[in-house]
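Written below as structure tokens is the structure these notes are about.
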Amino acid sequence: MGLIRYILLLFFLLINGLTYAQLDLDFETDRGFYDTPFNLELTVNDPAAFIRYTTNGTAPTVSTGNLYSGPIPINTTSHIRAIAYTGTDTTRVLTHSYIFLDDVVNQPDAVSGFPT
């Protein structure tokens with residue numbers, strides 16, 4: 001009886017391990033403060049996956065946002081939100097902010113549309 005339990009346990013562990021291939025989206029440059037421009041690369045662990053991203057603060061979906069096709073030039077304060085997806089799996093939305101110190105120092109006292 002004990003051997004059958006071990007075989008069943010092993011079977012379920014193997015099946016679970018084989019069917020649980022989770023998409024993993026990665027920003028190659030960490031969020032943070034910068035003073036020189038760079039190209040941001042996004043990667044995903046499944047070559048069949050697509051990546052969509054936004055730069056305006058909205059969350060991308062499988063049908064909205066820019067379709068990633070290569071490095072994104074970052075030369076000013078930017079907020080990049082991205083997802084990766086296949087026909088059967090979608091990552092959560094990841095957000096990285098890249099803050100350029102000169103932009104912070106030179107920001108206006110009042111911005112249109114923001115409270116005073």
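Model, not experiment: these values are computed from the prediction.
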When you compare the side chain of Val93 with that of Pro60, does any pair of heavy atoms fall below 4.5 Å?
yes
Nearest heavy-atom contact between Pro73 and Asn39 is CA-OD1, 3.5 Å
Atom CG of residue position Asp102 - does it have more than 12 heavy atoms of other residues, nucleotides or ligands inside 6.0 Å?
no
Looking only at non-hydrogen atoms, find the nearest pair between Leu67 and Tyr85 and report the distance.
CD1-OH, 4.1 Å
Using the six-membered ring wherever Trp is involved, compare the ring planes of Phe38 and Phe100 and label them parallel, tilted or perpendicular (cut-offs 30° and 60°).
parallel
With no hydrogens and no angle check, is any side-chain donor or acceptor of Thr91 less than 3.5 Å from a backbone partner on Ala84?
yes
Heavy-atom count around Phe27 CZ within 6.0 Å, excluding the residue itself: above 12?
yes
Mind checking the OG1-CG spacing from Thr86 to Asp46? Nearest 0.5 Å is all I need.
6.0 Å
Taking C-beta and beyond as the side chain, do Ile51 and Leu25 meet within less than 4.5 Å on heavy atoms?
yes
From CD1 (Ile99) to OG1 (Thr76), nearest 0.5 Å:
11.0 Å
Under a 4.5 Å cut-off applied to non-hydrogen side-chain atoms, are Leu23 and Val44 in contact?
yes
Would you mind reporting whether Thr64 and Thr54 have side-chain heavy atoms less than 4.5 Å apart?
no
With distance as the sole test, does Asn45 use its side chain to make a donor-acceptor pair with the main-chain N or O of Asp24 at under 3.5 Å?
yes
Check whether any side-chain heavy atom of Leu42 lies under 4.5 Å from a side-chain heavy atom of Ile72, and answer yes or no.
yes
Side chain proximity check, Glu28 to Thr43, heavy atoms < 4.5 angstrom
yes
Side-chain contact, heavy-atom cut-off 4.5 Å: Leu94 with Ile83?
no
Under 3.5 Å, is there a donor on one side chain and an acceptor on the other for Tyr53 and Arg81?
no
As an exercise, state the distance from CG of Asp103 to CG of Asp35, rounded to the nearest 0.5 Å.
11.0 Å
Can you check whether Pro37's main-chain N or O pairs, donor with acceptor, with Asn75's side chain at less than 3.5 Å?
no
Examine the side chains of Glu41 and Thr29 and answer whether a donor and an acceptor come within less than 3.5 Å of each other.
no
side-chain hydrogen bond (donor to acceptor under 3.5 Å, both in side chains) between Tyr68 and Arg52, worked out:
CA-CA 5 Å; Tyr68 180 79; Arg52 284 194 181 265; over 6 Å; no
Is the shortest side-chain heavy-atom distance between Thr77 and Tyr34 below 4.5 Å?
no
About how many Å separate OG of Ser97 and CZ of Arg31, when rounded to the nearest 0.5 Å?
7.5 Å
